[in-house]
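What follows is a set of notes on a single structure, which appears directly below.
Hydrogens, waters and symmetry mates are skipped; everything else that's a heavy atom, side chains included, is used. Convention: sequence-line order gives letters A, B, ...; per-chain numbering from 1. Computed from a prediction, not measured in an experiment: that's the story for all the values here.
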There are 2 protein chains.
Amino acid sequence: MADGRVPSAQSGENLLFLTDEQLRQGIEAMFFAYRGFTADPDRILSDMAYGRAHHRAVHFINRAPGTTVNNLLNILGVTKQSLNRVLRTLIEDGLVESKVGKADKRERHLFLTEEGHALEQKLSDAQRVRMRMAYREAGPDAVAGFRTVLEAMMDREMRNAYGRLKDSGT
Amino acid sequence: MADGRVPSAQSGENLLFLTDEQLRQGIEAMFFAYRGFTADPDRILSDMAYGRAHHRAVHFINRAPGTTVNNLLNILGVTKQSLNRVLRTLIEDGLVESKVGKADKRERHLFLTEEGHALEQKLSDAQRVRMRMAYREAGPDAVAGFRTVLEAMMDREMRNAYGRLKDSGT
DNA sequence: AGCATATGTCAGTGTTGTTGACATTCCAAG
DNA sequence: CTTGGAATGTCAACAACACTGACATATGCT
């Protein structure tokens, strides 16, 4: 257990003998890959006064236009105060529009402005370029496996949120 | 381009027609999965006075005992000031030991103490549990694909660093 | 001796997370 | 209808952790 080696780890057909070492490699792969994954948008954002949090907000508002603050909160998994700071600057800068709800006036429905869409496009273009290259390099089967493992790695609530978004986009 | 739909996306054999929508789903999967990936250690760390940065340092020192500060700097991709803050607290708290290099006395070689190992074990255990479940749920083929895509997503330097670590562990 | 390298430190700043307090709005029980 | 609780969103203050820039120290190399 200390070393992570398993005496005789034959690669069974459906049984998975997973050594600590194999899992550790997966952990490190996640770490390094996520760094690459965020590197391109981060570069773009650092030139502006924005950060990764702004990116996330813009992404999901674009993805689900008219979503409420509370909704966004649940998806992003941060406190409303944290999100609010980000949202405020985005609204002040004219990238996001906040409309008071018609049915429930407590709610604010969020939309991207023209300018907001432009930023979203710019950021996600950068991210998609890398994603596309990785997908092409790895091939379709690998991509399917990639997605399967990622889904299995999510918390349950997030798996649900992800599923809803996925379906809405089709 | 605006909508991300591709006119006739037949699934060719080796050609990959990737719609923006497919890529976007991959992006979101990465986001949600990474949150799950870090959730368990984060919970443990927040009870102590440590954060994710400490986890990373402890992980890689455990992985490559005797590594130098500079080495760690390159792997973690942060500034020395940032790393130093973390390292200082870890050394003060007796989790990490810093030994002056024998060949080159400018270098400091980093090791985990008994106590440091204990924390590393605790953190990576939590992370491996989730990883193991995800791997089991997804199956061996999916895991292989997962790793392939992640590697393709890394920056080149990181791919090299990852490769070296991977080999050293076998 | 003189320059480069490796490390550590101090000071300042920015993003992003947190908690606490509070205003507004809705809804349902009395 | 009023009142109190729940839901929603905002403001303020603080902590973690990244960054830059400047500088000190010790060492290695030519």
Exercise for review: Give a yes or no on whether a salt bridge exists between B:Asp20 and A:Arg132, defined as a side-chain N under 4.0 angstrom from a carboxylate O.
Suggested key: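 Yes, B:Asp20 and A:Arg132 are salt-bridged.
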Practice item. Write down the distance between CG (B:Leu45) and C1' (C:dG17), rounded to a whole number of angstrom. Key: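 So the two atoms are 15 Å apart, to the nearest Å.
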Listing, residues 148-162 of chain B side-chain donor-acceptor contacts under 3.5 Å, not counting sequence neighbours, or none:
residue  : atom : partner  : partner atom : Å
B:Thr148 : OG1  : B:Ala144 : O            : 2.8
B:Glu151 : OE2  : B:Lys166 : NZ           : 3.2
B:Asp155 : OD1  : A:Arg130 : NH1          : 3.1
B:Asp155 : OD1  : A:Arg130 : NH2          : 2.9
B:Arg159 : NE   : B:Glu151 : O            : 3.2
B:Arg159 : NH1  : A:Glu137 : OE2          : 3.1
B:Tyr162 : OH   : B:Arg147 : NE           : 3.3

Check your understanding: Between A:Phe37 and A:Phe32, does a ring pair (Phe, Tyr, Trp, His ring centres under 6.0 Å) hold up when you go through it step by step?
Key -> CA-CA 9 Å; A:Phe37 171 70; A:Phe32 290 125; over 10 Å; no
Residues which pass side chain to side chain contact (heavy atoms under 4.5 Å, CB included) with [X], listed by chain and number, not counting sequence neighbours:
X        : value
A:Val58  : A:Leu90, A:Leu112, A:Glu120
A:Ser46  : none
B:Lys122 : B:Ile44

Near-strand residues of [range], defined as heavy-atom separation under 4.0 angstrom from DNA chain C:
range                      : answer
residues 81-111 of chain A : A:Gln81, A:Ser82, A:Arg85, A:Asp104, A:Lys105, A:Arg106
residues 67-80 of chain B  : B:Thr68, B:Val69, B:Asn70, B:Lys80
residues 27-37 of chain A  : none

**Study point:** First and last nucleotide of DNA chain D, 5' to 3', lying under 4.0 Å from heavy atoms of chain B
**Key:**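 Boundary nucleotides touching chain B, in 5' to 3' order, are D:dC17 to D:dG28.
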Test of understanding: clusters of I, L, V, M, F, W, Y form through side-chain heavy atoms closer than 4.5 Å, transitively. Do [X] and [Y] belong to the same one?
X        : Y       : value
A:Val69  : A:Val86 : yes
B:Leu72  : B:Ile91 : yes
B:Val100 : B:Leu83 : no

Filter on salt bridge (charged side-chain N to carboxylate O under 4.0 Å, His left out), then keep only pairs touching [range], sequence neighbours left out; what's left?
range                      : result
residues 90-102 of chain B : none
residues 74-85 of chain A  : none
residues 62-78 of chain B  : A:Glu21-B:Arg63, A:Glu28-B:Arg63

**Study point:** Euclidean distance, A:Gln127 CD relative to B:Phe31 CZ, rounded to 0.5 Å
**Key:**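 Reported value, rounded in 0.5 Å steps: 10.5 Å.
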Practice item. Identify whether any heavy atom of B:His54 sits under 4.0 Å from a base atom; if not, whether one sits that close to sugar-phosphate; answer base, sugar-phosphate or nothing. Key: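 Answer is sugar-phosphate: B:His54 comes under 4.0 Å of backbone atoms only.
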Exercise for review: Hey, can you tell me if A:His55 and A:His59 have their rings parallel, tilted or perpendicular (30° and 60° cut-offs)?
Suggested key: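 Perpendicular: the ring planes of A:His55 and A:His59 meet at over 60°.
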Practice item. Decide side-chain hydrogen bond (donor to acceptor under 3.5 Å, both in side chains) for B:Thr89 and B:His54; before the verdict, give the C-alpha distance in whole Å, the side-chain angles of both, and the deciding distance to 0.1 Å. Key: CA-CA 9 Å; B:Thr89 69; B:His54 299 83; 3.2 Å; yes
Review point. For the helix from C:dA1-D:dT30 to C:dG30-D:dC1, what angle lies between the axis at the first five pairs and the axis at the last five pairs, to 10 degrees?
Key: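 Between the first-five-pair axis and the last-five-pair axis there is 10°.
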